[in-house]
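None of these values were measured; they are calculated from a predicted model.
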Amino acid sequence: MMLSSLTRISAILAFLFVCALANQVWGQHPLQFTWKSAPEILPGRYYHTTTPLPDGRVLVTGGRSGHTPLGSVRIFEPASNNGNGEWLLLPQLQYRRERHTATLMPAGWILIAGGLDNVPTNKCEFIDPVSQVAITLPDMNDVRYEHTATYLRGGRVLVIGSKDYDRGLPDCEIFESLETATAADPRWRWRRTASMHFGRGKHRTVTLLDGRILVIGGVHNYAPTITCELFDPGTETWSLAASMHMPREGHTATLLKDGRVLVTGGDMGGAEISSCEIFDPTKNNGKGE
């Protein structure tokens with residue numbers, strides 16, 4: 001028993017010594033982070049999507065070059081070119097688009113939905129990054145751009161809102177497989193689900209740890225809004241959540257490890273916002289604070 005205790009004490013002391021030594025070394029030689037150039041993506045673009053793939057590559061779809069919507073698709077291979085990466089050209093999208101959504105599905109396919117091709121569109125398609133095949137899908141019920149698409153458990157995707165020329169769209173729909181589909185003959189559909197309390201576009205969505213979807217801010221009736229809502233995927237119902245302190249559009253929302261959500265920046269009617277807020281979903285009987 002005495003020997004076992006001494007062994008444990010020796011192990012603890014050795015561990016502490018290693019930690020102290022490492023701390024001294026790191027203090028003398030702090031970690032260095034730098035940026036290095038990567039190959040250019042051509043053509044240059046904005047309002048595109050980037051989707052990390054399961055194999056470590058990154059898929060880029062569409063966007064705008066100048067005033068022209070793009071149908072181009074690129075994959076970034078980070079391990080190529082001695083670690084500097086390279087861009088691979090994939091077949092064009094079936095429809096040019098910008099300000100659309102790209103959602104990674106369990107099979108590795110990417111669901112491309114909506115966007116603008118000079119006018120809003122409801123066109124959708126699948127991209128298979130492995131076979132490099134594009135599959136035509138049923139159209140959404142509504143044309144949408146600057147909307148959000150959130151993956152739900154069970155292979156469903158919740159699509160909500162649209163900028164709708166700054167009015168904001170309250171209508172929501174779900175993409176899912178038909179029950180009669182088979183592996184050899186997959187089929188999909190869009191079906192409507194409950195509408196939000198407020199129309200919105202340029203909002204942000206975050207999947208909380210309990211599975212609910214938090215929708216934050218955006219444009220409503222031609223102005224940024226403070227309102228937030230919660231979607232329950234089990235019952236497909238909406239409930240109001242605590243409002244933000246400031247109206248925001250074009251902001252960011254990040255789920256923290258402890259389940260809270262950090263909201264940063266955005267635009268408030270033409271004025272950039274530097275303030276940040278934290279949403280705690282455990283407060284206020286589930287409505288958050």
Chemist: Do you know the tightest heavy-atom contact between E98 and Y47?
Modeler: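 Scanning both residues, the minimum pair turns out to be OE1-CD1, 3.2 Å.
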
Chemist: Among R189, R192, R156, which one satisfies salt bridge (charged side-chain N to carboxylate O under 4.0 Å, His left out) with E176?
Modeler: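 The residue from R189, R192, R156 that satisfies salt bridge (charged side-chain N to carboxylate O under 4.0 Å, His left out) with E176 turns out to be R189.
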
Chemist: Which heavy atom of P43 sits nearest to which heavy atom of R74, and what is that distance?
Modeler: CD-NH2, 3.8 Å

Chemist: With side chains defined as the heavy atoms from C-beta onward, is the minimum distance between L158 and T205 less than 4.5 Å?
Modeler: no

Chemist: Determine whether R57 and F76 make a side-chain contact, defined as any pair of heavy atoms from C-beta on separated by less than 4.5 Å.
Modeler: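 A side-chain contact is absent here, since even the closest heavy-atom pair is not under 4.5 Å.
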
Chemist: Parallel, tilted or perpendicular: which one describes the rings of F175 and W190, with boundaries at 30° and 60°?
Modeler: tilted

Chemist: Which atom pair, heavy atoms only, marks the closest approach of S195 to D171?
Modeler: OG-OD1, 3.5 Å

Chemist: Is there side-chain contact between I216 and F279, with heavy atoms separated by less than 4.5 Å?
Modeler: no

Chemist: Report the C-alpha separation of R248 and D267 in whole Å, then their side-chain angles, then the decisive distance to 0.1 Å, and conclude whether the salt bridge (Lys or Arg N to Asp or Glu O under 4.0 Å) test is met.
Modeler: CA-CA 5 Å; R248 301 171 191 265; D267 181 280; over 6 Å; no

Chemist: How long is the straight-line distance from OG1 of T49 back to CD1 of I112, given to the nearest 0.5 Å?
Modeler: 5.0 Å

Chemist: Do the side chain of E229 and the main chain of H197 share a donor and acceptor less than 3.5 angstrom apart?
Modeler: yes

Chemist: Got a second to check how far T193's OG1 is from I174's CD1, nearest 0.5 Å?
Modeler: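 It is 4.0 Å, given to the nearest 0.5 Å.
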
Chemist: Would a 4.5 Å heavy-atom cut-off, applied to side chains only, mark L70 and H48 as touching?
Modeler: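 Of all side-chain heavy-atom pairs linking H48 with L70, none is under 4.5 Å.
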
Chemist: Just so I know, are the side chains of R99 and R64 near enough to count as touching, which here means a heavy-atom distance under 4.5 Å?
Modeler: yes

Chemist: Side chains of S72 and Q92: does their closest heavy-atom pair fall under 4.5 Å?
Modeler: yes

Chemist: Please round to the nearest 0.5 Å and tell me the distance separating atom CG of L116 and atom NE2 of H100.
Modeler: 10.5 Å

Chemist: Are V143 and N122 packed together at the side-chain level, in the sense that at least one heavy-atom pair is separated by less than 4.5 angstrom?
Modeler: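 Touching, per the 4.5 Å side-chain cut-off.
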
Chemist: Does CD belonging to Q132 count more than 12 external heavy atoms closer than 6.0 Å?
Modeler: yes

